[in-house]
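Notes follow the structure.
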Amino acid sequence: MKLEVRKKPLFGQHKYSPKKLIKELTNHPDIEKVLEEHPPKKAFGSNPKKYVQEILKEIVATPSPAVVEGLRRSLRMLWYRIFNGLEIQGLEELKAQIGGKQLIYLPSHRSHLDYLLLSYVLDEHYMEIPHIIAGNNLNVTGVGKVLKGGGAVFMRRVFRNQPVYATAFITYLYYLLDHRFPIELFIEGGRSRTGKNLLPKIGLLSMLVEYLIKNQDKDLHFVPVSFTYERVPEEGAYIKELNGGEKQQENLLEMINAFKVLKKNFGKVYVSFAPPMSARDMIARYLEKNKLDQIPDPDSEDFRELSFSLGMEVMDQINIYTRTSAVPVVATALLSERHRGFQKNELLEKSRFLVNLYQAVHPRALDTLVESEGGLEGIVEFLIQSGTVGCIHDPDEDIYYFDTKDKIRLNLYKNIFVHHYVIPSIIALKLKHGVNTRDKLLESIFLFNDLLRYEFRFPQSYDFTEAVDTMLKFALEQELVTEKKGVYSINTKNQKKINMLANILLPFLESFYVAINVLTSKKAAFPMDSKNLVEVFRETHHKLLLLGKIDSLEGNLTVSYNNIIRFFTEEEILSVSESGKRKKLIKKGEDFENIHALNERFFPAESELISAGEW
């Protein structure tokens, strides 16, 4: 009896010859039209279609079963040799739901390895491999050919004012959609360097919505995917950038370096699939909510808002379904005090408390927080083995500690889950400031949510009232507070836990505190180049850190100060004008004087900002 060999679907039933397809697309009516309106320069003047063919050669994937087989073997060794394996959730449920659906995979982006991860997982589970939209910086001799063979579709980062290129790219993208190829695109654009999810980029999403406008009989199903690494292979490069180093472009050299560092143990990789989301249903809900009769014109601001809303819905699902071990929990516990050393039981007690809190506030806590081998002690041991945490053996009780230089590394881990602790942290902070009723606490939540809008984005349907009620219920059950006639008071025997929660947001608040300090002093010599202003922020942060006026080294990040400038600009406290060579000049805005009211509202007294209590 001959055993039947199960055949993998690879790229699906439809196949195409890249050479033939390029010739076919060159004669597409949309491309012929754009060539008439925007003829190429002299080099291709006599043969404009050759110009388009060169563009399409740059873009079009060259799917190859042989390349996929080679990558499959290499990656199987990679995942299980230098990682402690892959943990996958939601894929079987997805397989049961996707019959006949056109899929658009929208993963979070943490590492260059993401380009290979989803295709590997789908291939191993006998699902079609997607065409992957990737930056053309990876399209270099040798490696570009391999990536194209694995389904990479190379795209220039910017093609504004390049109508022929834009039309060629869209024509190929729509060809793939017409023939029902699954597509993978990274909704955040670039990789997150901070551990937190980024805001969605709307360029490709807008193209997908326009496709639905042109094809009323079709639908696209978005599949949010979360990639979480216990340790990101590029974390060393990220830490340099967060410390103020130049941002490294996502290029081949960095990708190769990512493989070089994989001699280390980077823990587990978690891949989580959310249920597929009908794009048409999402659009219909948006139109109904905003009382619109039809999809807005693609050139309008309303259309961009629609695309951003779709992107935020996807990011909400990624946040909800993100799955990882308790590494972020232990990192949060380690960063919760001014001191850097903890006795073993103290650290474990803090971590268990944070696990309990996470389970109380997250609707899918049991599915998203993975119990690691060895429990919380196993997580601490992993951090010791990675060199992030040290251990001093003591006859009475071992002491765990970390070096100051590792604060930013721990902050990367903390940020994976920090958004789940934002509401509890604000409530703890305001309780310490004397805000003691439910309504006043809710009011504070709205104020802080506005202040930190570029650090944290809550789901569009998020119920803040329910979140406050859930946290107050938890606080009463854990005896963190007492309540009498609607007035909440901190239970002094658990003051240290309240302090720990309040300190979770300390790095973000201290960054605002430093920025306001600079902008209202002689240090701000307006007008200032935005990069120079960020440098002054960071220098002042360091000085205040030395003086003991602030505590969080991990708050001294270029990305945080750029977010603050963006916030102040939108509030018209600052204004930004373009200067030569892509420079931005910062000046006082029309409402600059509002900065003083902002300072009084959020930092009523310097002594209240710094309040790190002992456990």
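Treat the numbers as computed from the prediction; the structure is a model and nothing was measured. Residue indices begin at 1 and follow the sequence shown.
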| Is there side-chain contact between Met207 and Phe169, with heavy atoms separated by less than 4.5 Å? | yes
| task | Nearest 0.5 Å please: distance from the CG atom of Leu310 over to the CD1 atom of Ile187. | result | 8.5 Å
| message | Please check this pair: side chain of Ser119 against backbone of Leu116, looking for a donor-acceptor N/O pair closer than 3.5 Å. | response | no
| said: As a quick check of understanding, evaluate salt bridge (charged side-chain N to carboxylate O under 4.0 Å, His left out) for Glu36 and Lys33, giving each step before the final call. | reply: CA-CA 5 Å; Glu36 289 179 9; Lys33 181 180 178 182; over 6 Å; no
| request: Could you tell me which non-hydrogen atom of Asp114 sits nearest to which non-hydrogen atom of Glu184, and how far apart they are? | output: O-OE2, 3.9 Å
| message | I need the single residue from Leu204, Ile59, Leu176 that forms a side chain to side chain contact (heavy atoms under 4.5 Å, CB included) with Ile133. Which is it? | response | Leu204
| field | Step-by-step salt bridge (charged side-chain N to carboxylate O under 4.0 Å, His left out) determination, Arg285 to Glu288 | value | CA-CA 5 Å; Arg285 287 195 299 271; Glu288 182 179 0; over 6 Å; no
| Are more than 12 heavy atoms from other residues, nucleotides or ligands located less than 6.0 Å from atom CD of Gln216? | yes
| Between the side chain of Asn136 and the main-chain N/O of Phe154, is any donor-acceptor distance below 3.5 Å? | no
| is_close_aromatic(Tyr174, Tyr211), centroid dist under 6.0 Å | yes
| request: Would you mind reporting whether Glu313 and Met277 have side-chain heavy atoms less than 4.5 Å apart? | output: yes
| Measuring from Leu212:CG to Met282:CE, what's the distance to the nearest 0.5 Å? | 11.0 Å
| task | Please report the C-alpha distance between Leu86 and Tyr120 in whole Å, then the side-chain angles of each, then the deciding distance to 0.1 Å, and finally whether the side chain to side chain contact (heavy atoms under 4.5 Å, CB included) criterion is met. | result | CA-CA 11 Å; Leu86 294 172; Tyr120 174 81; 3.8 Å; yes
| query | For Asp217, does the CG atom sit with more than 12 other heavy atoms under 6.0 Å from it, leaving out its own atoms? | reply | yes
| message | I'd like to check Arg409 versus Arg231 (side-chain heavy atoms, cut-off strictly below 4.5 Å). Are they in contact? | response | yes
| query | Which pair of heavy atoms, one from Val223 and one from Pro276, lies closest together, and at what distance? | reply | CG2-CB, 4.2 Å
| query | Does a side-chain N-to-carboxylate-O contact under 4.0 Å join Glu554 and Lys414? | reply | no
| said: Do Val225 and Phe186 make a side-chain contact, defined as non-hydrogen atoms from C-beta onward lying under 4.5 Å apart? | reply: no
| task | Give me the ring orientation class for His109 and Tyr115: parallel if the planes are under 30° apart, tilted from 30 to 60°, perpendicular past 60°. | result | perpendicular
| What distance do Ile320 atom CD1 and Asp367 atom CG have between them, rounded to the nearest 0.5 Å? | 12.5 Å
| How about Phe83 and Val269: do any of their side-chain heavy atoms sit closer than 4.5 Å? | yes
| said: If we ignore hydrogens and angles and just use 3.5 Å, is the side chain of Lys268 paired with the main-chain N or O of Thr228 as donor and acceptor? | reply: no
| query | Do other residues, nucleotides or ligands put more than 12 heavy atoms under 6.0 Å from Lys19 NZ? | reply | no
| said: Can you confirm whether Lys584 sits close enough to Lys531 that some side-chain heavy atom of one is under 4.5 Å from a side-chain heavy atom of the other? | reply: no
| message | Checking Glu235 against Tyr413: is there a side-chain donor and acceptor pair closer than 3.5 Å? | response | yes
| request: Count the heavy atoms belonging to other residues, nucleotides or ligands that lie under 6.0 Å from CD of Glu305, then report whether that count exceeds 12. | output: yes
| field | Plane angle bin for Phe159 and Tyr165 - parallel if under 30°, tilted between 30 and 60°, otherwise perpendicular | value | tilted
| Phe458 and Asp316: side chain to side chain contact (heavy atoms under 4.5 Å, CB included), yes or no, with the steps? | CA-CA 7 Å; Phe458 289 98; Asp316 292 346; over 6 Å; no
| Check: Val370 and Tyr270 side chains under 4.5 Å, non-hydrogen atoms | yes
| said: Taking the six-membered ring for Trp, are Phe417 and His362 closer than 6.0 Å centroid to centroid? | reply: no
| request: Indicate the atoms forming the closest heavy-atom contact of Arg110 with Val232, along with that distance. | output: O-CG1, 3.5 Å
| request: Give a yes or no on this: more than 12 heavy atoms of other residues, nucleotides or ligands lie within 6.0 Å of atom CD of Gln294. | output: no
| said: For His131 together with Phe181, are the ring centres under 6.0 Å from each other? | reply: yes
| remark: Closest non-hydrogen atoms of Gly12 and Glu128, given as atom of the first, atom of the second and distance, are CA-CD, 3.5 Å
| said: Quick one: does any side-chain atom of Ser300 pair with a main-chain N or O of Pro296 as donor and acceptor, under 3.5 Å? | reply: no
| For Gln102 against Leu177, the heavy-atom pair lying closest together | OE1-O, 3.3 Å
| request: Starting from the C-alpha separation in whole Å, work towards a yes-or-no answer on side chain to side chain contact (heavy atoms under 4.5 Å, CB included) for Leu113 and Leu75. | output: CA-CA 10 Å; Leu113 297 178; Leu75 292 173; over 6 Å; no
| query | Can you name the nearest heavy-atom pair linking Ser272 to Tyr321, along with the distance? | reply | CB-O, 3.1 Å
| query | Testing His112, Arg193, Arg191 for side-chain hydrogen bond (donor to acceptor under 3.5 Å, both in side chains) with Glu234, which one passes? | reply | Arg191
| query | Would one find more than 12 heavy atoms of other residues, nucleotides or ligands at under 6.0 Å from atom CG of Asn27? | reply | yes
| request: Enter the distance from Asn197:CG to Met315:CE here, rounded to the nearest 0.5 Å. | output: 4.0 Å
| query | Side chain of Lys196, backbone of Glu455: donor and acceptor closer than 3.5 Å? | reply | yes
| Should Phe303 and Ile202 be marked as a side chain to side chain contact (heavy atoms under 4.5 Å, CB included) after you check the CA-CA gap, both sets of side-chain angles, and the distance that decides it? | CA-CA 10 Å; Phe303 183 82; Ile202 65 170; over 6 Å; no
| request: Could you tell me whether Gln13 atom CD has more than 12 heavy atoms of other residues or ligands within 6.0 Å of it? | output: no
| task | Please test Glu570 against Arg453 for salt bridge (charged side-chain N to carboxylate O under 4.0 Å, His left out), starting from the C-alpha separation and ending with a verdict. | result | CA-CA 11 Å; Glu570 287 196 358; Arg453 61 179 177 254; 3.3 Å; yes
| note | Rounding to 0.5 Å, atoms OH (Tyr175) and CG (Leu25) come to a distance of 7.5 Å
| request: Measure the spacing between CD of Glu87 and OG1 of Thr324 and express it to the nearest 0.5 Å. | output: 9.5 Å
| Got Arg180 and His14 here, is their nearest side-chain heavy-atom distance under 4.5 Å? | no
| task | For the residue pair Ser278 and Asp219, confirm or rule out a side-chain donor-acceptor distance under 3.5 Å. | result | yes
| Side-chain donor-acceptor pair present, Ser226, Thr322, cut-off under 3.5 Å | yes
| task | Using a cut-off of 6.0 Å, state whether more than 12 heavy atoms not belonging to Lys145 lie near its atom NZ. | result | no
